[in-house]
**Q** 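The structure follows.
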Amino acid sequence: MQERRWSASAFAPAHITGFFCIHDHEDPRKKGSIGCGIVLDGGVVTTVTYSEELEDTPIILNGEHVGGHTTRTVVNMLTNSPLLVESVANIPIGCGFGASGAGALSTAYALNDALSLNLTSAKIIETAHVAEVVNRSGLGDVIAQSYGGVVIRTAPGAPKYGSVDWIPVAGKEVICLALGELDTSSVLSDPDFVWRITSMGRGAMKKLMASPTFETFMQCSRDFAFGTGLASNAIIDVIEAVESAGGMASQAMLGESVFATVCPERRDAVIETLSEFGQPLAYYINNCRAGLL
C-alpha cells in the first residue's frame, strides 16, 4: 500500500525593526509592539511535509536540525500530526532580521495548505504572532511580514487587534552588515532595557508620525539605538563610519547588525566602508509579503 504524503511550501520575508515600544498584555494575541520597520526581499522559504512514516517533528534550517522553538510552537498549535519542517533562509539568523517570525509565518502558511486546515490569513498570522510572543523571540515582526514595505505598527497585537500604516517608498536598496547574534529574549526580560525602550520608542513614534518619511524613520531609528543603549561600541563605530561615507545607518532591532541606505552616488563608498567591518549584504525594500509558493 502506498504511503500517504502531502507537502506545501511558503515564503515569509525578513523584517528589520528600526524602533519599537513594548505593549504587554496577558493575552498573547493582544501583546506586541508599536513602531516602524522595513520588509526586505530576502527571507525564509519553508516546506512542510506530512508523511505517515514520520514519528516526530524534525525542524531543519539550512540543512541542519535545530530546536526551532517558535516554529515548533506553531506546529503544536495547529496539529497533533508529526511533520517534516524544512526551512531555507537567505538572511542572517538571530541578528535582527526577523528570522524567527519569518520561519513561524512561512511554516503556518505551508502547514495550513499541506494539511488542508482551511484557515484564513488572519488566523495564520495570529498563530505565528502568538508563537513569537510566548517564546519571547519577537513582538511585531510577523505583522509587518504579512504586509511588506515600510510598515508603521500603530496598534499592537495580532490582526484582529493590531493595526498598521505604511510609508510609501519605491524599491529602495538596503545594505546590511551582521556582526553577531543578540538574544532577543534576554533584552525583553531586562526591566531597565524595557523602560528605556518604552520611553525612547514613544518619542520616536511621535516624531515619525509628525513627519512620516523614510528619512525620518532612519533618523528616529538611529536616535533610538543610541538612546536606549542597545547599540554596542562596535555598532556605533559602523554607523558613524557609514555616515562619514555619505549614508544613513542604524541598528537592526533586536540584533547586533547595521542597516544602511545611501544615494547611488555614494553607494560604492558605503559598501567599501562596510566591507572593512565584515561582509555586506544587499536587499531591497519592496511590497513582498508572506504567502504560499
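Please read these numbers as outputs of a predicted model, since none were measured by experiment.
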**Q** Could you check whether any side-chain heavy atom of Ile38 comes within less than 4.5 Å of a side-chain heavy atom of Phe259, counting everything from C-beta outward?
**A** yes

**Q** Does any part of the side chain of Lys30, heavy atoms only, come nearer than 4.5 Å to the side chain of Lys160, both counted from C-beta?
**A** no

**Q** Linking I/L/V/M/F/W/Y whenever any side-chain heavy atoms sit under 4.5 Å apart, do Phe11 and Ile59 land together?
**A** no

**Q** A quick test of your reading: do over 12 heavy atoms of other residues, nucleotides or ligands sit less than 6.0 Å from CD of Glu272?
**A** no

**Q** Using the ring of each side chain (for Trp, its six-membered ring), is Phe217 parallel, tilted or perpendicular to Phe19, with breaks at 30° and 60°?
**A** tilted

**Q** Side-chain donor-acceptor contacts of residues 246-254 below 3.5 Å, not counting sequence neighbours, with atom names and distances?
**A**
residue: Ser250; atom: OG; partner: Ser221; partner atom: O; Å: 3.0
residue: Ser250; atom: OG; partner: Arg222; partner atom: N; Å: 3.2
residue: Gln251; atom: OE1; partner: Ala231; partner atom: N; Å: 3.2
residue: Gln251; atom: NE2; partner: Leu230; partner atom: O; Å: 3.4
residue: Gln251; atom: NE2; partner: Gly255; partner atom: O; Å: 2.9

**Q** With sequence neighbours left out, what residues match Arg196 under salt bridge (charged side-chain N to carboxylate O under 4.0 Å, His left out)?
**A** Asp192

**Q** Where is the tightest heavy-atom contact between Cys36 and Ile167, given as atom of each residue plus distance?
**A** SG-CD1, 4.4 Å

**Q** With clusters defined by side-chain heavy atoms of hydrophobic residues (ILVMFWY) lying less than 4.5 Å apart, directly or transitively, does Leu179 cluster with Leu281?
**A** no

**Q** Are Leu208 and Ile197 connected in the hydrophobic side-chain network, where two residues link if heavy atoms are under 4.5 Å apart?
**A** yes

**Q** If we count only N and O atoms by modelled type, under 3.5 Å, do the side chains of Glu86 and Thr49 hold a donor and an acceptor together?
**A** no

**Q** Please report the interatomic distance CD1(Ile124) to CG(Leu117), rounded to the nearest 0.5 Å.
**A** 8.5 Å

**Q** May I ask you to decide if Val142's main-chain N or O and Ser146's side chain share a donor-acceptor pair within less than 3.5 Å?
**A** yes

**Q** Evaluate the side chain to side chain contact (heavy atoms under 4.5 Å, CB included) criterion for residues Val174 and Tyr284: first the C-alpha distance (whole Å), next the side-chain angles of each, then the deciding distance (0.1 Å), finally the verdict.
**A** CA-CA 6 Å; Val174 178; Tyr284 279 87; over 6 Å; no

**Q** Which of these, Val150, Ile16, Val39, sits in a side chain to side chain contact (heavy atoms under 4.5 Å, CB included) with Ile285?
**A** Val150

**Q** Please table the atom pairs, donor to acceptor, closer than 3.5 Å between any side-chain atom in residues 91-112 and protein atoms at least two apart or in another chain.
**A**
residue: Ser100; atom: OG; partner: Glu132; partner atom: OE2; Å: 2.6
residue: Ser100; atom: OG; partner: Ser137; partner atom: O; Å: 3.4
residue: Ser106; atom: OG; partner: Thr46; partner atom: OG1; Å: 2.7
residue: Ser106; atom: OG; partner: Ala102; partner atom: O; Å: 2.7
residue: Ser106; atom: OG; partner: Gly103; partner atom: O; Å: 3.2
residue: Thr107; atom: OG1; partner: Gly103; partner atom: O; Å: 2.7
residue: Tyr109; atom: OH; partner: Ser121; partner atom: OG; Å: 3.1
residue: Asn112; atom: OD1; partner: Asn118; partner atom: N; Å: 3.2
residue: Asn112; atom: OD1; partner: Leu119; partner atom: N; Å: 2.8

**Q** When rounded to the nearest 0.5 angstrom, what distance separates OG1 in Thr198 from CZ in Phe20?
**A** 8.5 Å

**Q** I'd like to know if Met218 and Ile236 are part of one continuous hydrophobic network [Ile/Leu/Val/Met/Phe/Trp/Tyr, side-chain heavy atoms within less than 4.5 Å].
**A** no

**Q** Would a 4.5 Å heavy-atom cut-off, applied to side chains only, mark Glu55 and Pro82 as touching?
**A** no

**Q** Determine, stepwise, if the pair Asn62 / Val88 fulfils side chain to side chain contact (heavy atoms under 4.5 Å, CB included).
**A** CA-CA 5 Å; Asn62 292 341; Val88 177; 3.8 Å; yes

**Q** Does the Trp166 side chain pair with the main chain of Gly148, one donor and one acceptor, at a distance under 3.5 Å?
**A** yes

**Q** Supply the atom-to-atom distance Thr47 OG1 to Ile60 CD1, rounded to the nearest 0.5 angstrom.
**A** 11.0 Å

**Q** First locate atom OH of Tyr147, then atom CD1 of Ile125, and finally report the distance between them rounded to the nearest 0.5 Å.
**A** 6.0 Å

**Q** Minimum heavy-atom separation for Ser211 to Thr216, with atom names?
**A** O-OG1, 2.9 Å

**Q** Indicate yes or no for a side-chain donor-acceptor contact from Arg267 to the backbone of Val262 under 3.5 Å, with no hydrogens or angles considered.
**A** no

**Q** Please round to the nearest 0.5 Å and tell me the distance separating atom CG of Leu177 and atom CG of Leu274.
**A** 5.5 Å

**Q** Tell me the closest heavy-atom pair linking Ile143 and Ala158, and the distance in Å.
**A** CD1-CA, 3.9 Å

**Q** Could you tell me which residues satisfy side-chain hydrogen bond (donor to acceptor under 3.5 Å, both in side chains) with Lys123, sequence neighbours excluded, listed by chain and number?
**A** Glu126

**Q** For Thr57, is there any backbone N or O sitting under 3.5 Å from a side-chain donor or acceptor partner on Arg72?
**A** yes

**Q** Between CZ of Arg29 and OG1 of Thr127, what distance do you get to the nearest 0.5 Å?
**A** 10.5 Å

**Q** Taking Asp41 for its side chain and Tyr283 for its backbone only, find out whether a donor-acceptor pair lies under 3.5 Å.
**A** no

**Q** If you take all heavy atoms of Ala204 and Cys220, which pair is closest and at what distance?
**A** O-SG, 3.7 Å

**Q** Between Glu276 and Val238, is a side chain to side chain contact (heavy atoms under 4.5 Å, CB included) present by the stated rule, with each step listed?
**A** CA-CA 9 Å; Glu276 296 175 6; Val238 176; over 6 Å; no

**Q** Return the set of residues passing side-chain hydrogen bond (donor to acceptor under 3.5 Å, both in side chains) with Glu215 (not counting sequence neighbours), or none when no residue passes.
**A** none

**Q** Step by step, work out the side chain to side chain contact (heavy atoms under 4.5 Å, CB included) result for Thr261 and Glu173.
**A** CA-CA 7 Å; Thr261 61; Glu173 187 178 36; over 6 Å; no

**Q** Measure from NZ or CZ of Lys172 to the centre of the six-membered ring of Phe214 and say whether it is under 6.0 Å with the direction within 45° of the ring axis.
**A** yes

**Q** Mind checking salt bridge (charged side-chain N to carboxylate O under 4.0 Å, His left out) for Asp24 and listing every partner two or more places apart, or none if nothing turns up?
**A** Lys31

**Q** Mind listing the closest non-hydrogen atom pair of Pro159 and Ala122 along with its distance?
**A** CG-O, 3.9 Å

**Q** Would you tell me whether Thr70 and Thr73 have side-chain atoms, one donor and one acceptor, within less than 3.5 Å of each other?
**A** no

**Q** Do any N or O atoms from the side chain of Ser9 and from the backbone of Leu293 form a donor-acceptor pair under 3.5 angstrom?
**A** no

**Q** Looking at Ala241 and Phe277, what are the two nearest heavy atoms and their distance?
**A** CB-CE1, 3.8 Å

**Q** For residues Leu40 and Ile271: do they belong to one hydrophobic cluster (side chain heavy atoms under 4.5 Å, members Ile, Leu, Val, Met, Phe, Trp, Tyr)?
**A** no

**Q** Check this for me: does any side-chain nitrogen of one of Asp165 and Arg153 sit under 4.0 Å from a carboxylate oxygen of the other?
**A** no

**Q** Decide whether Asp141 and His15 meet the rule of one side-chain donor and one side-chain acceptor closer than 3.5 Å.
**A** yes

